[in-house]
Every structure is written in structure tokens, then in C-alpha cells.
Amino acid sequence: MRLTRGFFERDVLKVAPSMLGKLLVVRKAGKLEKRLITEVEAYRGEEDLASHARFGKTKRNQIMYATAGVIYVYLVYGIYWMLNVVTGQKGDPQAVLIRGLDGIKGPGRVGKLLGIDKSFYGEDLTKSERIWIEEISGKIDGKILRLPRVGVDYAGEWAKKKWRFMLDRF
DNA sequence: AGCAAGATCGGT
DNA sequence: CCGATCTTGCTG
């Protein structure tokens, strides 16, 4: 069953770990690509110096201030599309970066596999016909690891926060 | 207008 | 360790 608005409207530190073990579904060339989400990172508010929202609202990050459940994508290093989900209350910039799927490690590879590009910016996960997240039947066993976020050394103390979550056995 | 750096990855 | 490749946000 597809996740609805309420799931994403909670604080990002609640949403991020609860996205683990959910199924990311993307329609690609007419076929549905379904993968378990195994690793995510939380970015929380303008005060979070690791977040793109640290400069306040800009053209690139404006979607982070929108209603939860929409997608934030951006290009890093001129090559890789990063797939994020906006969370929390409207006006409060929060997002979850999807860093890994079952069998796919690394956010750059996730974007590449799923064919993510600029056209996904602002897509609504609760309504879209080509991308959404589903609850799976049954339970995922194993614990959730909490680790520091990757590639944000410039963020000082904020780089040390353990806002990266991953399923132990993947 | 110009520039340095980037929520990465693959090859040396 | 380094290059790829291009957008972004800051500086002047």
C-alpha cells in the first residue's frame, strides 16, 4: 500500500528511519522497478549546516519548503542525481536522502539505476504515476544502525550527528 | 562576471 | 589519489 501524506509530515528524524524496509517503486520504460530502501540520511532545517537549506530558501532548494511527500532532486559533481524526499511541516526545510536500496549502494547509483533526473523535481510521491513508496507485508528483521552522514565534513559539529540510518543486514 | 566547491563514483 | 562535469551560491 502506498504511503500517504501523513507518513511524510512527521519530523525527518522519525521519517528517515521509518523509510527503511519500505519499497521504493519507479515506473521505468513501462516496467515497475521495486527495491527495498536500505540506507537513508536526514537533513533538518536551516540550522543544519550540512543541509542545502543552510543558505535559506534558494532556487535550488525551494521544494524543501513545500508540502511533505514531494521529491527534491539535484545534480552533484555535474554527474549524479541525488534522490530526496521532503518531510515535516510546510515551511520547515527537511529532506531524506535515499542513499541505498537492496543491491544498490550509494546515492549516485540509486539515481542512475532508477533513471532519476531533473524532471522528478517536485514530483508528489502520494500521487505520482511513476514513483511512490509502499509498505511491504510482513516485517523486516534486524536492527537499524545510526551513523554520521557522509560527505559533509564542511558542516563542523553537524557532520558528527548520527543522522544516517541503515538496515544492519544489507 | 568569474570562481571554488560540491549530500559521488570508478579507475589508477 | 585523481578526474569527470556542470550547477550553485558567493564574491567583487
Side-chain angles (χ1 to χ4, degrees), chain A residues 3 7-22 24 26 28 33 35-125 131 133 144-168 170:
Chain A
L3 297 180
F7 178 88
F8 301 105
E9 280 178 332
R10 298 171 295 148
D11 189 278
V12 69
L13 293 179
K14 286 280 192 182
V15 179
S18 62
M19 278 173 61
L20 297 174
K22 298 291 190 289
L24 177 61
V26 177
K28 198 186 161 193
E33 177 81 36
R35 298 265 183 170
L36 217 56
I37 297 171
T38 57
E39 184 178 356
V40 297
E41 272 176 4
Y43 289 85
R44 189 171 186 271
E46 294 182 346
E47 70 274 20
D48 177 2
L49 296 183
S51 172
H52 287 169
R54 66 186 180 280
F55 302 119
K57 191 189 275 189
T58 66
K59 185 181 177 190
R60 175 173 68 168
N61 70 23
Q62 55 172 314
I63 202 68
M64 293 177 78
Y65 294 77
T67 301
V70 297
I71 287 178
Y72 170 41
V73 288
Y74 64 91
L75 191 63
V76 256
Y77 302 109
I79 306 176
Y80 303 104
W81 289 98
M82 302 285 105
L83 175 61
N84 298 255
V85 179
V86 174
T87 72
Q89 292 304 118
K90 188 173 180 179
D92 182 15
Q94 301 188 342
V96 176
L97 168 65
I98 298 179
R99 289 194 59 88
L101 304 173
D102 186 13
I104 309 291
K105 291 182 199 250
R109 288 166 154 187
V110 168
K112 187 175 179 188
L113 170 89
L114 301 175
I116 300 301
D117 61 25
K118 192 169 196 141
S119 73
F120 282 81
Y121 189 92
E123 189 100 355
D124 191 340
L125 284 174
I131 185 167
I133 298 177
I144 292 174
L145 301 178
R146 297 175 77 253
L147 303 162
R149 292 175 292 181
V150 175
V152 294
D153 290 344
Y154 56 80
E157 291 299 309
W158 292 88
K160 296 174 186 168
K161 293 192 178 297
K162 294 181 175 178
W163 287 358
R164 172 182 166 211
F165 306 90
M166 68 187 294
L167 288 176
D168 198 4
F170 286 88

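Quick note on labels: first sequence line is chain A, next is B, and so on, each numbered from 1.
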**Q** With no hydrogens and no angle check, do the side chains of A:Gln62 and A:Tyr121 hold a donor and an acceptor under 3.5 Å apart?
**A**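 No - no donor-acceptor pair under 3.5 Å links their side chains.
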**Q** Heavy atoms only, 4.0 Å cut-off, all strands: where does A:Gly78 land among base, sugar-phosphate and nothing?
**A**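 A:Gly78: base contact, heavy atoms under 4.0 Å.
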**Q** Just N and O in the side chain of A:His52: are any of them under 4.0 Å from OP1 or OP2 of B:dA7?
**A**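 For B:dA7, OP1/OP2 do have a side-chain N/O of A:His52 under 4.0 Å.
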**Q** Map A:Arg109 and A:Val150 onto DNA chain B by nearest heavy atom, then report which one ends up closer to the 5' terminus.
**A**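 Going by which nucleotide is closer to the 5' end, it is A:Val150.
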**Q** How close do A:Thr67 and A:Lys90 get, heavy atom to heavy atom, and via which atoms?
**A**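 Scanning both residues, the minimum pair turns out to be OG1-CD, 3.9 Å.
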**Q** For the residue pair A:Arg60 and A:Tyr72, establish whether any side-chain heavy-atom pair is separated by less than 4.5 Å.
**A**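 SC-SC contact between A:Arg60 and A:Tyr72 confirmed.
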**Q** Please report the distance, rounded to the nearest Å, between NZ in A:Lys112 and P in C:dA4.
**A**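 Taking NZ of A:Lys112 and P of C:dA4, I get 17 Å after rounding.
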**Q** Would you please confirm or rule out a distance under 4.0 Å between OP1 or OP2 of B:dA7 and any side-chain N or O of A:Tyr154?
**A**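 True: A:Tyr154 side-chain N/O within range (under 4.0 Å) of B:dA7 OP1/OP2.
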**Q** To the nearest angstrom, how far is A:Met82 atom CE from C:dT8 atom P?
**A**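 After rounding, the reported distance stands at 15 Å.
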**Q** Heavy-atom count around A:Lys28 NZ within 6.0 Å, excluding the residue itself: above 12?
**A**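 Result for NZ/A:Lys28: enclosed.
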**Q** Is the shortest side-chain N/O distance from A:Arg60 to OP1 or OP2 of C:dT7 below 4.0 Å?
**A**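 Answer is no, no contact under 4.0 Å.
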**Q** Taking a pair as Watson-Crick or G-U wobble with both distances under 3.5 Å, which nucleotide is matched to B:dA7?
**A**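 Check on B:dA7: unpaired, no WC or wobble geometry under 3.5 Å.
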**Q** Look at A:Glu41 together with A:Arg149 and state whether they make a salt bridge at an N to O cut-off of under 4.0 Å.
**A**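 Looking at A:Arg149 together with A:Glu41, the answer is no, because their closest N to O distance does not fall below 4.0 Å.
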**Q** Can you tell me how far P in B:dG2 sits from the matching atom in C:dT5, rounded to whole Å?
**A**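 Nearest-Å result for B:dG2 against C:dT5 at atom P: 23 Å.
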**Q** If you pin A:Lys59 and A:Tyr77 to their nearest nucleotides in DNA chain C, which one's is more 5'?
**A**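 On the 5' side of the pair lies A:Tyr77.
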**Q** Is the distance from OP1 or OP2 of B:dA7 to the nearest side-chain N or O of A:Arg164 less than 4.0 Å?
**A**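 False: A:Arg164 side-chain N/O out of range (4.0 Å or more) of B:dA7 OP1/OP2.
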**Q** Quick one: A:Leu49 CG to B:dA7 C1', roughly how many Å, whole number?
**A**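 Rounding to the nearest Å, CG of A:Leu49 and C1' of B:dA7 are 14 Å apart.
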**Q** Of the options C:dG9, C:dA4, B:dA7, whose atoms approach the side-chain atoms of A:Phe55 most closely?
**A**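 Given the options C:dG9, C:dA4, B:dA7, the side chain of A:Phe55 is closest to C:dG9.
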**Q** Using whole Å, what does the distance between atom C1' of nucleotide C:dT8 and atom NZ of A:Lys118 come to?
**A**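 So the two atoms are 11 Å apart, to the nearest Å.
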**Q** Have a look at A:Tyr43 and tell me which of A:Val96, A:Val12, A:Val152 forms a side-chain contact (heavy atoms from CB on, under 4.5 Å) with it.
**A**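 Result for side-chain contact (heavy atoms from CB on, under 4.5 Å) with A:Tyr43: A:Val152.
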**Q** Measure CE/A:Met64 against P/B:dA7 and give the value in whole Å, please.
**A**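 Computing the A:Met64:CE to B:dA7:P distance gives 11 Å.
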**Q** When you measure from the side chain of A:Thr58, which nucleotide among C:dA4, B:dA7, C:dG9 comes out closest?
**A**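 The answer is C:dG9.
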**Q** So what's C:dT5 paired with, Watson-Crick or G-U wobble, going by both distances under 3.5 Å?
**A**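 Its partner is none (no Watson-Crick or G-U wobble pair with both distances under 3.5 Å).
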**Q** Which whole-number value in Å describes the distance from A:Tyr72 OH to B:dA7 P?
**A**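 Distance, rounded to whole Å: 9 Å.
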**Q** Using whole Å, what does the distance between atom P of nucleotide C:dT7 and atom CD1 of A:Ile79 come to?
**A**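 The distance from CD1 of A:Ile79 to P of C:dT7 comes to 12 Å, rounded to the nearest Å.
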**Q** Tell me whether the side-chain N or O atoms of A:Tyr74 pair up with the base of B:dA7 as donor and acceptor below 3.5 Å, since no angle test is needed here.
**A**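 When only heavy-atom distances are counted, A:Tyr74 does reach the base of B:dA7 through a donor-acceptor pair under 3.5 Å.
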**Q** Figure out the CG/P separation between A:Leu114 and B:dT8, and round it to whole Å.
**A**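 The distance from CG of A:Leu114 to P of B:dT8 comes to 17 Å, rounded to the nearest Å.
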